[in-house]
2 protein chains.
Amino acid sequence: MTKEQSVAGLLQTHGQPKVLAKQTHVFYQGDHDARVYFVQSGLLKAYYLSADGKESIKSFIEAGSIIGSLNAALGQGGCSFNLVALEPSQLLGLPFATLVEAAAQSHTLAGEVIQHLLALAMKKEQREYELLSLSAEQRFVRLRQTSPELLKRVTQNDIARYLGVTPVALSRIKKRGS
Amino acid sequence: MTKEQSVAGLLQTHGQPKVLAKQTHVFYQGDHDARVYFVQSGLLKAYYLSADGKESIKSFIEAGSIIGSLNAALGQGGCSFNLVALEPSQLLGLPFATLVEAAAQSHTLAGEVIQHLLALAMKKEQREYELLSLSAEQRFVRLRQTSPELLKRVTQNDIARYLGVTPVALSRIKKRGS
DNA sequence: AGTCATTTTTAACCTAAGTTAATGCACTGA
DNA sequence: TCAGTGCATTAACTTAGGTTAAAAATGACT
């Protein structure tokens, strides 16, 4: 294998293209998909489905982001969530192991991976904070401030399930704060 | 600087010991403390304090763990949370920059850092899932299953604020599920 | 033992959000 | 055009949890 010096370069050479129509799943909860995906274009959602059928949305993934199930990547079991395209999307898939091996070969790549993981950890920390400390209404106000474009691309149902409330509750929240 | 080959080694040589009495703070929200701390013994809590005085507990940190504010470490601002000892504790502090520089020198150390960050991301993901998808009662049941020892070391007040409910609510939950 | 502070429980009342179901709306496809 | 489907709103009712305050229980210190 060539010594790739960046995540971008690695994806160019070893990434396998994947074209997704709307509503197509990349993987389901329980699948053993140990790849990371780079989103070239489109929009996806990562969501949990509980035993009683309730859907909770973990995150929306826009172009430029990287997504994959850590659980499956680290071989600790299947994917912990579902991944589906909300809009037609183009991805590049790369086995997680390939990334790890390449990182072991190249200092600069390892540094890049560390930066990616630090950014990921900070994003998760922010979300954790909002879920722990803010009310549903406060979370909605924040989302409207930070990602107004996203609100236009995603149904209110999905926004609600991302905020951790039912669509009915979100409709009420909007009415209250108008 | 010697080329340290492991996080443990780096802490041995460059870590600065810190002994904390109960109730002593390591840092406060807003402080610029860009260090990571390794907990040798004791127990700490990381918590947010909102403008209106409400406390939310981000996490409990037991011996063997590493803690620090990513926000401050990456120079993006002050610490986003408070860190205080719940029991007498011994820490080793290390500037985050020292860790990053050392990781740039050593493959094995960089690999170790990546593993740490992956584990951290998985833990945050788990917590995010529980806050998003489970009820307070379900979160309490899980905590009792996974960390029964912790429940004995921490007041019920703090458990409640970790679960994201008030102490009164947790008392009711316990009563219900008995 | 007795006092003090802290923690936990209980009660009464209030508010946010879940549930179910009906209605209206917009988009799609035959 | 019309039927069908999914989305958003509204209503009525239920439930979990917040708030405030007071009472028990626990623990620490002298």
Side-chain angles (χ1 to χ4, degrees), chain A residues 21-25 43 45 47-57 60 82 84-88 130-144 148 150-178, chain B residues 21-25 43 45 47-57 60 84-88 130-144 148-178:
Chain A
K22 207 171 160 173
Q23 303 280 25
T24 316
H25 277 79
L43 180 67
K45 77 171 172 186
Y47 68 101
Y48 301 106
L49 217 47
S50 71
D52 55 320
K54 214 185 66 178
E55 175 180 336
S56 309
I57 299 186
F60 298 105
N82 305 276
V84 67
L86 294 181
E87 298 175 3
E130 292 178 2
L131 289 168
L132 176 65
S133 306
L134 303 182
S135 67
E137 178 159 5
Q138 291 172 310
R139 293 198 293 273
F140 176 61
V141 169
R142 280 211 181 199
L143 184 64
R144 203 170 39 187
L150 193 67
L151 294 195
K152 292 179 210 133
R153 294 170 79 184
V154 173
T155 69
Q156 203 167 298
N157 275 358
D158 277 351
I159 296 294
R161 288 187 264 260
Y162 173 75
L163 294 175
V165 297
T166 60
V168 177
L170 180 52
S171 178
R172 281 190 292 232
I173 287 171
K174 280 180 67 180
K175 198 178 169 188
R176 274 209 301 270
S178 58
Chain B
K22 207 171 160 172
Q23 304 280 26
T24 316
H25 278 79
L43 179 67
K45 77 170 170 186
Y47 67 101
Y48 301 106
L49 217 47
S50 70
D52 55 317
K54 214 185 67 178
E55 176 180 335
S56 310
I57 299 185
F60 299 106
V84 66
L86 294 180
E87 297 175 4
E130 292 178 1
L131 288 169
L132 178 63
S133 307
L134 303 182
S135 68
E137 178 159 5
Q138 290 172 310
R139 293 199 292 273
F140 176 61
V141 169
R142 279 210 182 198
L143 184 65
R144 203 170 37 188
E149 352 68 46
L150 193 67
L151 294 194
K152 292 180 209 131
R153 294 169 80 183
V154 173
T155 69
Q156 202 167 298
N157 276 358
D158 277 350
I159 296 293
R161 288 187 264 259
Y162 174 74
L163 294 175
V165 295
T166 60
V168 177
L170 180 53
S171 178
R172 281 190 291 231
I173 287 171
K174 280 179 67 180
K175 198 180 170 187
R176 273 209 303 269
S178 58

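Computed from a predicted structure; not experimentally measured. Letters go in sequence order (proteins before strands), and every chain restarts at 1.
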*Starting at CD of A:Gln23 and ending at C1' of D:dT5, how long is that distance when rounded to a whole Å?*
12 Å
Would you tabulate the pairs of protein nitrogen or oxygen atoms and nucleotide nitrogen or oxygen atoms of nucleotides 22-30 of chain D closer than 3.5 angstrom?
none

*Taking it one step at a time, do A:Tyr162 and A:Val154 satisfy side-chain contact (heavy atoms from CB on, under 4.5 Å)?*
CA-CA 11 Å; A:Tyr162 173 75; A:Val154 173; over 6 Å; no
_If I take atom CG from residue B:Leu131 and atom OG from residue A:Ser56, how far apart are they, to the nearest 0.5 angstrom?_
11.5 Å
*Between A:Val84 and A:Tyr47, which heavy-atom pair has the shortest distance, and what is it?*
CG1-CE2, 3.7 Å
*Can you name the nearest heavy-atom pair linking A:Leu163 to A:Arg139, along with the distance?*
O-NH2, 2.7 Å
*Partners meeting ring pair (Phe, Tyr, Trp, His ring centres under 6.0 Å) with A:Phe140 (sequence neighbours left out)*: none
_With A:Arg142 via salt bridge (Lys or Arg N to Asp or Glu O under 4.0 Å) - residues at least two apart_ = A:Glu130
*Whole angstrom is fine here: how far is it from CG in B:Leu151 over to P in C:dT8?*
11 Å
*Calculate the interatomic distance between A:Ile159 atom CD1 and D:dC7 atom P; express it in whole Å.*
13 Å
Report all interatomic pairs (protein N or O, nucleotide N or O of nucleotides 3-7 of chain C) with separations under 3.5 Å.
none

*Check whether any side-chain N or O of A:Lys175 sits under 4.0 Å from OP1 or OP2 of D:dT9, and answer yes or no.*
no
*For B:Lys174 and D:dG17, what is the distance between atoms NZ and C1' respectively, to the nearest whole Å?*
17 Å
*So, A:Arg161 side chain and A:Glu55 main chain: donor-acceptor pair closer than 3.5 Å or not?*
no
*Give the minimum heavy-atom separation between A:Lys22 and A:Leu86, together with the two atoms involved.*
CG-O, 3.2 Å
*B/S/- contact track for nucleotides 15-22 of chain C, protein heavy atom under 4.0 Å*: --BBBB--
*Under the side-chain contact (heavy atoms from CB on, under 4.5 Å) rule, what do B:Ser171 and B:Gln156 come out as? Steps first, then yes or no, please.*
CA-CA 8 Å; B:Ser171 178; B:Gln156 202 167 298; 4.1 Å; yes
*asked:* Give me the atom names and distance for the closest heavy-atom approach of A:Ala85 to A:Ala21.
replied: CB-O, 3.7 Å
*D:dT19 P sits how many Å from B:Glu55 CD, rounded?*
14 Å
*Shortest non-hydrogen contact from B:Leu132 to A:Ile57?*
CD2-O, 3.2 Å
*Determine to 10° how strongly the helix from C:dA1-D:dT30 to C:dA30-D:dT1 is bent, judged from the axes of its five-pair ends.*
40°
*Do you know the tightest heavy-atom contact between B:Val165 and B:Ala136?*
CG1-CB, 3.5 Å
*Quick one: do A:Leu150 and A:Leu43 satisfy side-chain contact (heavy atoms from CB on, under 4.5 Å)? Show the steps, please.*
CA-CA 10 Å; A:Leu150 193 67; A:Leu43 180 67; 4.2 Å; yes
